[in-house]
Amino acid sequence: MKKNIEFEVEYVKLLNAEVFELKLSSKEKLPEIGAGQFLMLDTPDKSQILKRPFVIYKWDEKSVTLGIALVGKGTKELFQLKKGDKLSAFLPLGNGWSHALKPHHKKIALVGSGIGGVAIRPILQECPDKEYHAFWGFKSKDCIMFEKEFKKSNLKISTVDGSAGFKGYVNEMFDEALNSGFKPDVILVCGSHVTCQKIKEAAIKHDIECYMSGEERMACGIGACLVCVCKVDVNGKEQNLRVCFDGPVFDIRKVTL
C-alpha cells in the first residue's frame, strides 16, 4: 500500500565527498517496503512542486535511510537539512528486486559502480540467506563506500586509478572473474550506462540471467507522465515501459541501453 508519510530528519552524514546518507523517521508505521523500491521525496525548496525520486537504502518499521549523490541544487539543499526538519514522501514505489529473484537463484553476483550500491544493498536485508559475491567499482580510494554493508558478500573492489583493489573498471574485474570460472545463478547490477551495457554483454556471452535497476529521470513517480520510459523487449516486440511503474528492475538482456 502506497502512502504519503510525514517524516522528520534523524541525521545527515557524508559517506564520501560526493555522497551522503539521509535518515528520516516517522511517527507512524510505514507500509511494507521491498528491496529496490524507491520513494518520491519533497525538497526543502517549497517552490518545487514535484517530489524527487530516491532509492530506499535501509529501512525499518518507522524509518527510511537514503543514499544521495551531491549532484545539483536540490540534493545540496537536502544535505543542509538539520535534525527535526520535516519532509513528506510518497512510498513505496516500483517493483524492486523480488521481481527478479527466483528460488533457484542461490549464488548471486552484485555488480555496480559508484552510488549504485544504494539500490543493490537492500537485497542483503531482504534475502540474507543467499550466497553473495559483490563487485564494486569506484574512481579512486577516496570514493570507496559500502565496505561495511558488503563485507559478508565476498566483496571485490576496483578503482580506475588503481589506488585500491583491482586497477580498472568494475566490468573488467567482473570479466576476469567470469573468465576464471566464476558463474553465478543471476547478476544484479546498478551503475552507469556504460557499466550496465558492459555487464549486459557479459551476461549474454556467459548465458547468465541478469537484472538491472534503471536510473532514468522521473517526474511523477507513478507512471502517469511518461518521462522515464525505456525500450524493453516484451514477447518479441519492443515497447516503451515506465521505469517508475513497470520497473525500476528489468531483465537487462531485454532492455535497449
Side-chain angles (χ1 to χ4, degrees), residues 11 13-16 19-23 32-38 54-61 63-69 92 96-159 163-178 180-191 195-196 199 202-203 206 208-213 248-249 252:
Y11 66 74
K13 68 178 182 181
L14 283 170
L15 295 178
N16 66 24
V19 179
F20 66 96
E21 196 173 88
L22 170 62
K23 184 173 183 179
E32 184 175 349
I33 296 168
Q37 290 189 297
F38 67 98
F54 297 104
V55 173
I56 301 169
Y57 175 45
K58 302 174 187 176
W59 69 91
D60 57 32
E61 287 190 346
S63 74
V64 292
T65 304
L66 314 176
I68 301 174
W97 294 112
S98 60
H99 169 74
L101 290 185
K102 307 296 189 297
H104 67 277
H105 292 152
K106 307 295 184 183
K107 186 177 182 179
I108 301 173
L110 309 175
V111 185
S113 56
I115 196 173
V118 169
I120 291 182
R121 179 259 167 214
I123 197 64
L124 304 176
Q125 178 173 338
E126 188 169 284
C127 303
D129 58 340
K130 304 286 187 179
E131 178 186 342
Y132 292 102
H133 297 262
F135 299 80
W136 224 258
F138 300 95
K139 291 185 293 184
S140 67
K141 182 179 180 179
D142 294 339
C143 296
I144 292 175
M145 301 174 285
F146 317 124
E147 286 183 289
K148 180 180 178 181
E149 285 79 2
F150 289 103
K151 67 180 180 180
K152 295 182 179 179
S153 307
N154 303 297
L155 175 63
K156 294 178 176 61
I157 286 175
S158 69
T159 52
S163 54
F166 177 93
K167 183 177 181 180
Y169 294 97
V170 67
N171 61 283
E172 296 171 333
M173 179 173 64
F174 190 58
D175 280 341
E176 186 175 277
L178 293 176
S180 297
F182 172 69
K183 188 168 184 178
D185 299 318
V186 65
I187 304 166
L188 307 183
V189 58
C190 185
T195 295
C196 290
I199 299 304
H206 293 273
I208 303 172
E209 293 180 61
C210 185
Y211 294 84
M212 65 175 284
S213 180
V249 174
I252 199 170

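In this structure, the separation between CD1 on I187 and CG on L178 is 6.0 Å, given to the nearest 0.5 Å. For the atom pair CZ (F138) and CG (N16), the distance works out to 8.0 Å, reported to the nearest 0.5 Å. Here D175 contributes atom CG and I199 contributes atom CD1; the two are 6.5 Å apart, rounded to the nearest 0.5 Å. To the nearest 0.5 Å, atoms OG (S158) and NZ (K167) are separated by 12.5 Å.
Contacts classified as side-chain hydrogen bond (donor to acceptor under 3.5 Å, both in side chains) and involving residues 111-127 (residues at least two apart or in different chains) are given here: S113-T195, R121-Q125. The list of salt bridge (Lys or Arg N to Asp or Glu O under 4.0 Å) pairs with a residue in residues 138-153, not counting sequence neighbours, reads E18-K139, K58-E149. Here salt bridge (Lys or Arg N to Asp or Glu O under 4.0 Å) pairs that include residues 102-119, with residues two or more places apart or in two chains, number zero.
With sequence neighbours excluded, no residue satisfies ring pair (Phe, Tyr, Trp, His ring centres under 6.0 Å) with F54. For H133, the ring pair (Phe, Tyr, Trp, His ring centres under 6.0 Å) partners at least two apart in sequence or on another chain are F182. Under the rule for a side-chain contact (heavy atoms from CB on, under 4.5 Å), the partners of I115 that lie at least two apart in sequence or sit in another chain are V19, A69, V118. Under the side-chain hydrogen bond (donor to acceptor under 3.5 Å, both in side chains) criterion, S140 pairs with no residue at all, not counting sequence neighbours. Not counting sequence neighbours, the partners of E21 by the side-chain hydrogen bond (donor to acceptor under 3.5 Å, both in side chains) test are Y11. Residues that satisfy the ring pair (Phe, Tyr, Trp, His ring centres under 6.0 Å) test with Y169, not counting sequence neighbours, are absent from this structure. With sequence neighbours left out, the side-chain hydrogen bond (donor to acceptor under 3.5 Å, both in side chains) criterion links D60 to S63. When the side-chain contact (heavy atoms from CB on, under 4.5 Å) test is applied to Y132, the partners found at least two apart in sequence or on another chain are I108, L110, I123, L124, C127, K130, S153. Considering only residues two or more places apart in sequence or on other chains, S98 meets the side-chain hydrogen bond (donor to acceptor under 3.5 Å, both in side chains) condition with none of them.
Contact between I208 and P184 at its shortest, heavy atoms only, is CG2-O, 3.6 Å. Taking both residues in full, the closest heavy atoms of S213 and A119 are given as OG-CB, 4.1 Å, listed atom of the first, atom of the second, then distance. Between G114 and W136, the shortest heavy-atom contact is O-NE1, 3.0 Å. Heavy atoms only, all atoms of each residue included: Q37 and E32 are closest at OE1-O, 4.2 Å.
Within the 4.5 Å cutoff, the side chain of L22 has no heavy atoms near those of the Y57 side chain. Between V249 and L188, the closest side-chain pair of non-hydrogen atoms is not below 4.5 Å. Put simply, the side chain of K156 does not reach to within 4.5 Å of the side chain of F166, judged on heavy atoms. Here the side chains of W59 and P122 are in contact, with some heavy-atom distance below 4.5 Å.
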> Given V189 and C210, is the side chain to side chain contact (heavy atoms under 4.5 Å, CB included) satisfied, shown in steps?
Replying inline: CA-CA 8 Å; V189 58; C210 185; 4.1 Å; yes
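Under the 30°/60° scheme for interplanar angles, the aromatic rings of Y211 and H99 are found to stand perpendicular.
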